[in-house]
Amino acid sequence: MTENNETLHPVKVWDLPTRIFHWTLVALMIAQWLTAENSSTMDYHIWGGYAVLTLVLFRLIWGVVGSETARFNAFVRGPGAALDYVKALLRGETPLYLGHNPMGGWSIVAMLVLLLVQAGTGLFANDDITIEGPLYAWVSKGTSDWLTAIHKFNFNLLLLVIAVHISAVLFYLFVKRENLIHPMLSGRKHLPPDMVGQAPRIVSPWLGLAVLAVAVAAVWLLVR
């Protein structure tokens, strides 16, 4: 960044539902990791899986009807844009974006896909002893075993993407001197004057609550 902190202005770029989604998902992923390998905590793991699936469904809908920076059409760009962004980083530049940069956008998509696979396969999984997913009876034992194997392998992929995500955040913080954590807490990003007029449209958090209700209802109908 070439601007001094004194010349930057706070602009609201992340709405409340997006921020709550982000940090709730962080907490859930930690909980899911801790409860995955212990049969005594498997009930919590299953309920956590329902919560993850609810959040993913919420984010998919929010990516269409949410605030401007939360929408997929605002941050999912083509491979060319991602490559140009990487080239700019290699030149020592740090292009500013209101929301996710092109590389960050694709990491969000990858994480949502992996989370959907993780939660979806968990619905059919079993541990060969006493634990079975709520949709276990919908498939054969062989299919359930196959989905269980995917569930376990996919979690390792998910951990890899999370590690890359955290590494990228730390890279921007310590190398590029751009704090990506604070905006996801406060909702505001400090931007140069020429970007202040580009402040994104932020929708009402009540719409987020309505979308969450739809996601909760969908998951409840699926697993009840």
Side-chain angles (χ1 to χ4, degrees), residues 16-66 70-72 75-76 100 104-167 184 207-224:
L16 183 61
T18 299
R19 286 178 281 144
I20 292 177
F21 161 82
H22 181 276
W23 296 112
T24 303
L25 184 60
V26 169
L28 277 173
M29 291 311 299
I30 294 173
Q32 290 301 90
W33 191 6
L34 294 176
T35 58
E37 301 299 333
N38 192 331
S39 59
S40 65
T41 58
M42 192 54 62
D43 285 341
Y44 297 108
H45 186 78
I46 292 174
W47 280 99
Y50 297 162
V52 170
L53 182 57
T54 299
L55 285 182
V56 172
L57 291 179
F58 163 84
R59 188 63 183 88
L60 292 176
I61 301 172
W62 198 241
V64 177
V65 304
R71 297 191 178 194
F72 295 120
F75 63 81
V76 178
H100 297 297
W106 281 109
S107 72
I108 297 301
V109 172
M111 194 170 298
L112 287 175
V113 170
L114 290 175
L115 286 169
L116 189 59
V117 171
Q118 191 67 18
T121 54
L123 296 175
F124 302 90
N126 74 92
D127 67 349
D128 281 323
I129 306 175
T130 58
I131 304 299
E132 297 171 352
L135 304 186
Y136 172 81
W138 287 21
V139 297
S140 66
K141 177 62 165 60
T143 299
S144 174
D145 290 343
W146 177 66
L147 292 172
T148 301
I150 293 177
H151 186 72
K152 294 179 179 179
F153 176 75
N154 187 74
F155 188 67
N156 292 326
L157 292 180
L158 193 53
L159 290 178
L160 177 61
V161 171
I162 292 173
V164 171
H165 179 73
I166 294 174
S167 298
M184 196 53 72
L207 178 60
L209 186 61
V211 171
L212 178 62
V214 170
V216 169
V219 173
W220 181 79
L221 288 172
L222 181 65
V223 306
R224 71 187 179 96

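Heavy atoms only: backbone and side chains are in, while hydrogens, waters and symmetry mates are out. Position 1 is the first residue of the sequence, and the numbers go up from there.
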Asp145: salt bridge (Lys or Arg N to Asp or Glu O under 4.0 Å) partners, not counting sequence neighbours: Lys141
Over all atoms of both residues, closest heavy-atom pair of Tyr136 and Ala125: CD1-O, 4.2 Å
Any donor-acceptor pair under 3.5 Å from Arg59 side chain to His22 backbone: no
Closest contact, heavy atoms only, Leu207 versus Val65: CD2-O, 3.6 Å
Heavy-atom closest pair, residues Thr35 and Tyr44: CG2-CB, 4.3 Å
Non-hydrogen atoms of Asp127 and Thr130 that approach each other most closely: OD1-N, 3.1 Å
Residues Val223, Leu53; criterion side chain to side chain contact (heavy atoms under 4.5 Å, CB included); working and verdict: CA-CA 11 Å; Val223 306; Leu53 182 57; 5.5 Å; no
Test side chain to side chain contact (heavy atoms under 4.5 Å, CB included) applied to Thr143 and Phe124, step by step: CA-CA 8 Å; Thr143 299; Phe124 302 90; over 6 Å; no
From Leu158 atom CG to Leu115 atom CG, the distance as rounded to the nearest 0.5 Å: 5.0 Å
Partners passing side-chain hydrogen bond (donor to acceptor under 3.5 Å, both in side chains) against Thr148 (at least two apart in sequence or in another chain): none
Rounded distance (nearest 0.5 Å) linking atom CG of Leu212 with atom CG of Leu57: 10.5 Å
Nearest heavy-atom neighbours spanning Gly208 and Pro17: CA-CG, 4.0 Å
Rounded distance (nearest 0.5 Å) linking atom OG of Ser167 with atom CD1 of Ile162: 11.5 Å
Distance in Å, Phe21 CZ paired with Trp62 CH2, rounded so as to fall on 0.5 Å steps: 12.0 Å
Ile61 side chain near Val64 side chain, heavy-atom distance below 4.5 Å: no
Non-hydrogen atoms of Ala119 and Gly49 that approach each other most closely: CB-O, 4.2 Å
Backbone of Met184 reached by a side-chain donor or acceptor of Trp23 within 3.5 Å: yes
CZ on Phe72 to CG on Leu60, rounded to 0.5 Å: 5.0 Å
Evaluation steps, side chain to side chain contact (heavy atoms under 4.5 Å, CB included), between Val26 and Met29: CA-CA 5 Å; Val26 169; Met29 291 311 299; over 6 Å; no
Worked check of side chain to side chain contact (heavy atoms under 4.5 Å, CB included) between Tyr50 and Leu222: CA-CA 10 Å; Tyr50 297 162; Leu222 181 65; over 6 Å; no
Whether Thr121 side chain and Gln118 backbone form a donor-acceptor pair below 3.5 Å: yes
Nearest-0.5 Å distance, NE2 of residue His45 to CG of residue Asn38: 11.5 Å
Ring geometry between His100 and Phe75 (parallel below 30°, tilted from 30 to 60°, perpendicular above 60°): perpendicular
Exam field: side chain Arg71 to backbone Gly66, donor-acceptor pair closer than 3.5 Å: yes
Residues that Thr41 engages under side-chain hydrogen bond (donor to acceptor under 3.5 Å, both in side chains), provided they are two or more places apart: none
